Structure formats: structure tokens, C-alpha cells
Amino acid sequence: MDPLDVLMNKDKVFPYYQPIISADKQLIVGYEVLARMQTEEGIVNLGWFFQDKSIPDEYRLELDDYLQSIALDAYMETDQSAVMFFNYDADLLLKDNGETFLKRVEPYRNKGLNLNHIVLELKEEEISEHLNDIKHLFVYLQSIGLRIAIDDLGQSKTNLDQIAMLKPNIVKVNVAFMEEEELPHLYRDVHQSLAMLSRKIGATLLFEGISNFNQLNYSWRNGGRYYQGTYLLSPVPKFVDPMICRDKMQKEFHHFIVFERRKMEAQIALTNKMNQQLKASMKKISETDTYDEMIMLVAKDCNPFAFRVYICNEEGFQQSSNAEKISTNEWILIEEGRYKNWSWRPYFLENIVRMNVEKKGILSDLYTDIDQDERIRTYSYPISDSLFLFLDIPYEFLFEQEGLL
Ligand code: CA
């Protein structure tokens, strides 16, 4: 379609509203305003019009103004508890420091519109180009009450440092690109870091593009508080009952929780089993045994579920060699690991303190082993207050058990 055709037929353009649902209340808490147009072929999406930078700024601003005014008029007739999300071109916003947009909302402000209920969505890609200017603009817009969302995150490279610097109110991740069945753990790790970062800077994580059960599950597991996508609700021409999704959400959450509980129970069962095994192995050790003799004995006792065993002191210095499995039942000692320090690793100190207090072993999360390049877990066990045994469990074993991956 020709951009001019769009502008000439402005009266056929109207907003659709994509509901945004919150996990905490299972209510529609907001709407993203999307552009639609009535054509002879039916209603079409006009998103392209606003993203095409070859269309003159004034055209895009004119249509944007038209659409947002319709949306705001409609919004003012509601109880205004929902939040309105407007997409905005970061370059255009920057060009006049948000003046055009602020002028547009001014009349509504006079009628009682709360700027806290307006979110500007800016694409990450457009922001990265002028980080410093954007940062100043963000601070200004947020100081007058507007909220900022960084849109379209997580496709390929996500710059966590940029998000930390910009401190948006909302971070939007699109999960539409993920395959139906297999959600690569690579993304999960990125999104988990994003969830942690969002929590630290006080931003809300929103997952969009949710079109199936797995994507909703993924969003829930990765710290998403807000969701949008056709699996929950398709864009609507009019605001709808905020409760409309509640039953469905509650049912889905119940499934998620049952499933996650099973996984946690499996991890606790494995931890308990290993605790018993280690206690039994420790009884066989005599005072004259060296650390290397100790790890070889444990390695053989734990042969089915271990591929590496070593001992560290409470400051993380490795006291033994590595016992490493080289074939089904064969273990060797590798001297080189001795006196390396592991205290810099995430959770190391926390785990040492926990083991000292709780006097029992701990199973780690899943992480990728640098040498093996596959996902493993580490089980750690307190031999004494100052001596700790670490046992790496291979992917192969975790894979065969229920709930450990
Ligand atoms: Ca958007």
C-alpha cells in the first residue's frame, strides 16, 4: 500500500488494543495501541507505516497523532485504571525532546489524565544509537510521570549494560521467535539475567508475542510479570472486561506450579540420596587417607552419577587433585587442579556458609561446564567446617532422571 493512500484515507484508520495481563492479579492492566486500517481486503495491520523511515516524519506524526487521539478519547471514557502503551519512534521523540507527544497529551492532562498511566514504547535498536541523549530524555520524561518501555528485546543480542544505564520502567521481550517445542536454554539464560537485572533496577518484565502454552510457561518461569499475545487475548477493537482472562491464567499457573514442584521434589530427592551416599562413604575413610585417596574412594562409590570429584577448603583453594572419570568404571587423578581457587565462582561462598550452618550437601542449578561444554549440576558436601567435597554430575545422568533438567 502506498503511504499516501493511507494518509488520504485517514478516516479508515483506527486503533486496536492489545491487552496486557498481569501475573499477580491475572487482570488486564493495560493495552498496547496498534494501528489498523479498513481496506477492501478486510482489516489490515498498519505497523509498517510507523517503522518505515523513508516515509516523511510529518506523515508518520500526523497519523500517530490521529490514532493516539482516538485511543485517548476512548480511554478517557473508561475508569482509567488501565495503562496505555503507545509505540513511539525514538528518533522522532529525541528530535524535539518529546515536545510533540507532550503537547498531544496536554489537553487530556487538563481533563484529568494521569501521566503515570501512559507508557511510551521505544525500540531497543533505535535507542542504542544515541544512548546518552536518550538517557537524559528518559530522566526528564520519567520525572514528569510518564513511563518508558524498551521494546523488542531479546531477539539476538541484548545489551544488559544499556538497560541498567537507561533504567526503563518496563522491559518488553518478544518470545514469538521461539519454536513451539524446544526453547533453547541459551535464551533462557539470557532472559534469566534480564529478569535479575530488571528486579535490581526496579523494572517490570513484559513478555509479548505469546501464542502458545510453552511460550506462556517460559514467560512465567523467567520472571515475566506482564504478558501479551494471542494465546491469552488477541488485539480487540474496544476495551474489554479486565477479568476476562483470569480463569484461564489461574488454570495455566496451576499446571506450571505442579510441574515445577515435581522438578524441585526430584532435586530434593537426589540431594537426599547423595547426602546418604556421602555419609556412608565418609565412614570408610581413615584418618591416614590423603585427600586424593578420599576423592578416589568417593568417586568409585558415586560412579553412576559423577564424572569429577575434588576437595576445597573454606576459602576455595582446591586441596586435592581432580578425580576424573575416563571410562565407565575407570577414574584417574589429575594433579593440575590442586591449589586452584574457586571462591570467585557464583554462589561459592554462599554455599560454603549454607553447608556450615545446615551440615548437609547442596545441589547446584544447571550450568554449562567449560571443559565438557554441556549442562551439568554440582553437588557439594561438607566433610568438616573447613573442608568441602565437590562432585560434578554429568548431563547424561540428569537427562535420564525425571525432573532434573
Ligand atoms: Ca510495541
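No experiment lies behind these values; they were computed from the predicted model shown.
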Ser384 OG to Leu389 CG distance, which is reported to the nearest 0.5 Å: 11.0 Å

Trp344 and Trp342 aromatic ring geometry - parallel, tilted or perpendicular at 30°/60° bounds: tilted

Parallel, tilted or perpendicular, as decided by the 30° and 60° cut-offs, for the rings of Phe239 and Tyr75: perpendicular

Can you check whether [X] reaches [Y] side chain to side chain, under 4.5 Å on heavy atoms?
{"X": "Pro394", "Y": "Phe399", "answer": "no"}
{"X": "Gln162", "Y": "Ile150", "answer": "no"}
{"X": "Met76", "Y": "Tyr108", "answer": "yes"}

Has [X] got a side-chain atom pairing as donor or acceptor with [Y]'s backbone, closer than 3.5 angstrom?
{"X": "Gln26", "Y": "Met249", "result": "no"}
{"X": "Arg225", "Y": "Leu205", "result": "no"}
{"X": "Ser321", "Y": "Asp292", "result": "no"}
{"X": "Gln215", "Y": "Asn212", "result": "yes"}
{"X": "Lys172", "Y": "Ala149", "result": "no"}
{"X": "Asn303", "Y": "Thr328", "result": "yes"}
{"X": "Thr39", "Y": "Gly42", "result": "yes"}
{"X": "Ser364", "Y": "Thr378", "result": "yes"}
{"X": "Asn9", "Y": "Asp5", "result": "yes"}

At their closest point, which heavy atom of [X] faces which heavy atom of [Y], and how far apart are they?
{"X": "Tyr379", "Y": "Gly361", "answer": "OH-CA, 3.6 Å"}
{"X": "Arg109", "Y": "Ile144", "answer": "NH2-O, 4.5 Å"}
{"X": "Leu122", "Y": "Tyr88", "answer": "CD2-O, 3.3 Å"}

Is the closest side-chain donor-acceptor distance between [X] and [Y] under 3.5 Å?
{"X": "Asp392", "Y": "Tyr310", "answer": "no"}
{"X": "Gln80", "Y": "Asn114", "answer": "no"}
{"X": "Glu32", "Y": "Asn87", "answer": "yes"}
{"X": "Ser281", "Y": "Gln277", "answer": "yes"}
{"X": "Ser234", "Y": "Tyr16", "answer": "no"}

Residue pairs passing the side chain to side chain donor-acceptor pair (under 3.5 Å) test where at least one lies in residues 252-269, sequence neighbours excluded: Tyr231-Glu252

Partner residues of Val29 under the side-chain contact (heavy atoms from CB on, under 4.5 Å) criterion, sequence neighbours left out: Ile20, Ser22, Tyr226

Residues Asp89, Phe50; criterion side-chain contact (heavy atoms from CB on, under 4.5 Å); working and verdict: CA-CA 8 Å; Asp89 182 314; Phe50 299 95; over 6 Å; no

Glu335: salt bridge (Lys or Arg N to Asp or Glu O under 4.0 Å) partners, not counting sequence neighbours: Arg338

Close aromatic pair by centroid cut-off 6.0 Å: Phe213 and Phe256: yes

Aromatic ring proximity Tyr218/His191, centre distance under 6.0 Å: yes

Residues Lys359 and Asp385 bridged, charged N to O under 4.0 Å: yes

Stepwise side-chain contact (heavy atoms from CB on, under 4.5 Å) check, Gln18 with Glu208: CA-CA 10 Å; Gln18 168 81 71; Glu208 65 177 330; over 6 Å; no

